[in-house]
Amino acid sequence: MTPLLTEAAVGSVPDAATRAALLADDPLWLILLKCVVILLIGPILTIFLIVWERKAVGRMQNRPGPNRVGPGGYLQSLADAIKLPFKEQIIPDTADRKVYFLAPVVCVVPSLIALSAIPFGPVVSIFGERTVLQLLDLPVSALVILACSSIGVYGIVLAGWSSGSPYPLLGGMRSAAQVISYEIAMGLSIVAVILQAGSLNLADIVGAQHKAWFLYLVPSFVIYLISMVGETNRAPFDLPEAESELVGGFHTEYSSMKFAMFFLAEYVNMVIVSAFATTLFLGGWMAPWPLSLIGNNVLNTGWWPVLWFFAKMFVLLFGFIWLRGTLPRLRYDQFMRLGWKVLVPLNLVWIVMVTFAKVITWNTTTIIIAAVAIFIVLALFFYVRAAGREEESESVPVTGGGFPVPPLDLKVPQTTPRQKALAKAEAKAARRKPAAVGTAKEGAQDGVS
């Protein structure tokens, strides 16, 4: 055993070298145990989240929700998970079968492996072996989470294209544009956290929050929350699955187990972005402030941190459910405008301010200059916004109902082109009919005479 391992006491917050030594010393059975647990976290939480969402939204809408299967209806999702694989598979004749089967796998696999870089706790003892509650400790683990959460869009696009149907294709294209737009905002929102922590390693970011959570980076936190809802295609940003426009979106032509895999990918992505937000902004596995003072920080040792981590994560997951039961779906142009014209510019301005705050020595003169600069930036922002609205209002004159005003010299035709064509056809038929009858009569008279 290396000296680094002897220094790492159970419940301690290890540094990078200690984490690397502990993970390198893990026996094979412990590595396999971690892999199995991480792979099971997503499916187990998906089964729980689906029934929790149905019960919570039912409560918001004054109805019971699922209440038949199991105690209180809480086994309904388990029954659905058992039933779906045995449903009939319906494959469109126009589908590209290889890509059609591959698309759900591309969605699910990155979602299941993303949790391997999340630190769930400090040094613990598992059957006598000291280890860190994470599978991988990478120098760029924050980028690994972002990459895994964004790769799933390839499966959505492939599902829409391979179905051979127009509505899934439109849903897949929408999802691609949506993920690209909000992935930029999400990536920029963690820049301030990286600047504060000085590292891309998630375990180092958690360690940097031992004095204060990065929740005080309020703009980054708010922008991340909005971006993670758009990233996961959840209401009110569920435009790729808009029933009123696209039937069911990219998975319209899917059934049986493949349909269940899309559901699994969606809910596992919710778990990933919630765990990522917990790690970046909410102190990760560290206990909340009042509890951290109990017993000389005893609640931040052992297995207690796992409880705090999942408690914070469930609060964020409930936010998804709350939004679904509260807000209506946005229009697509409103959704894209929010991402490109609001979140991205605000993110860039906020990053500049955080960088300025870190490199400048603060005194009275600096504070005054910073306040004036912020005022000028805000004034320019609102001026440009007002000018844009003015141009837009002058470009197309509208009435109170929002419809274009017709020209004053508008002449309404007496008959439509279709009515003219019908009248012409009737006139032609009328000219032909008497001629045919007259010819028949003349032939009859000639025969009699």
Side-chain angles (χ1 to χ4, degrees), residues 1-42 110 112-149 190 193-214 271-272 275-287 291-292 295-313:
M1 187 173 292
T2 62
L4 287 172
L5 293 180
T6 59
E7 295 172 4
V10 173
S12 63
V13 181
D15 57 10
T18 305
R19 291 195 306 269
L22 285 169
L23 292 174
D25 194 58
D26 283 347
L28 181 60
W29 64 266
L30 186 54
I31 296 174
L32 293 176
L33 179 62
K34 287 183 179 181
C35 292
V36 171
V37 171
I38 287 173
L39 289 176
L40 289 179
I41 286 175
L112 293 177
I113 65 175
L115 290 174
S116 58
I118 297 287
F120 292 97
V123 178
V124 297
S125 177
I126 301 178
F127 301 115
E129 288 285 340
R130 280 181 296 169
T131 185
V132 185
L133 285 179
Q134 63 184 107
L135 181 62
L136 299 174
D137 185 46
L138 303 173
V140 290
S141 51
L143 300 183
V144 172
I145 303 295
L146 287 177
C148 289
S149 62
I190 72 170
V193 175
I194 295 169
L195 290 173
Q196 289 296 108
S199 175
L200 281 166
N201 186 292
L202 292 180
D204 291 339
I205 292 174
V206 174
Q209 301 178 65
H210 68 282
K211 291 184 179 179
W213 295 356
F214 289 157
V271 173
I272 291 170
F276 197 38
T278 300
T279 305
L280 292 175
F281 299 100
L282 303 180
W285 44 263
M286 294 185 178
L291 298 177
S292 61
N296 195 19
N297 204 22
V298 68
L299 295 181
N300 273 332
T301 60
W303 290 91
W304 284 105
V306 180
L307 175 62
W308 313 133
F309 184 89
F310 279 96
K312 297 171 189 176
M313 193 173 71

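Numbers for residues simply follow the sequence, beginning at 1. Bear in mind the structure is a predicted one, so any value in this text is a computation, not a measurement.
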Q. Trp308 side chain to Leu299 main-chain N or O, any donor-acceptor pair under 3.5 Å?
A. yes
(Q) Do Phe127 and Leu30 make a side-chain contact, defined as non-hydrogen atoms from C-beta onward lying under 4.5 Å apart? (A) no
(Q) Just to verify, which of Leu39, Leu40, Ile38 counts as forming a side-chain contact (heavy atoms from CB on, under 4.5 Å) with Val36? (A) Leu40
Q) Hey, is the main chain of Ala197 close enough, under 3.5 Å, to the side chain of Gln209 for a donor-acceptor pair? A) no
Q: Scan for side-chain hydrogen bond (donor to acceptor under 3.5 Å, both in side chains) pairs involving residues 139-148, sequence neighbours excluded, and state none if there are none.
A: none
(Q) Would you call the rings of Phe310 and Phe120 parallel, tilted or perpendicular, taking 30° and 60° as the class edges? (A) parallel
Q: Would you confirm whether Asn201, through its side chain, and Leu138, through its main-chain N or O, come within 3.5 Å as a donor-acceptor pair?
A: yes
(Q) Please evaluate residues Ile145 and Thr279 with respect to the criterion side-chain contact (heavy atoms from CB on, under 4.5 Å), reporting the C-alpha separation (whole Å), side-chain torsions for both, the decisive distance (0.1 Å), and the verdict. (A) CA-CA 11 Å; Ile145 303 295; Thr279 305; over 6 Å; no
Q | Phe214 and Ile205, any side-chain heavy atoms less than 4.5 Å apart | A | yes
Q. How long is the span from the CD1 atom in Ile31 to the CG atom in Leu135, to the nearest 0.5 Å?
A. 7.5 Å
Q | Check against side-chain contact (heavy atoms from CB on, under 4.5 Å), Glu129 and Leu33 | A | CA-CA 12 Å; Glu129 288 285 340; Leu33 179 62; over 6 Å; no
**Q.** Side chain proximity check, Thr301 to Pro122, heavy atoms < 4.5 angstrom
**A.** no
Q. Closest heavy-atom contact between Trp285 and Val206?
A. NE1-CG1, 3.6 Å
(Q) With heavy-atom distances below 4.5 Å as the criterion, would you say the side chains of Met313 and Ile118 are in contact? (A) no
Q | Check: Leu112 and Ile41 side chains under 4.5 Å, non-hydrogen atoms | A | no
Q | Side chain proximity check, Val144 to Leu136, heavy atoms < 4.5 angstrom | A | no
**Q.** Main-chain N/O of Met286 paired with Lys312 side-chain donor or acceptor, under 3.5 Å
**A.** yes
Q.
Less than 4.5 Å apart, side chain to side chain, heavy atoms only: is that true for Val132 and Asp137?
A. no
Q) Can you find a heavy atom in the side chain of Asn300 that is under 4.5 Å from one in the side chain of His210? A) no
Q: Without swapping roles, check the side chain of Gln134 against the backbone of Pro119 for a donor-acceptor pair under 3.5 Å.
A: no
Q: Identify the two heavy atoms, one from Ala275 and one from Phe309, that lie closest to each other, and give their separation to 0.1 Å.
A: CB-CZ, 3.8 Å
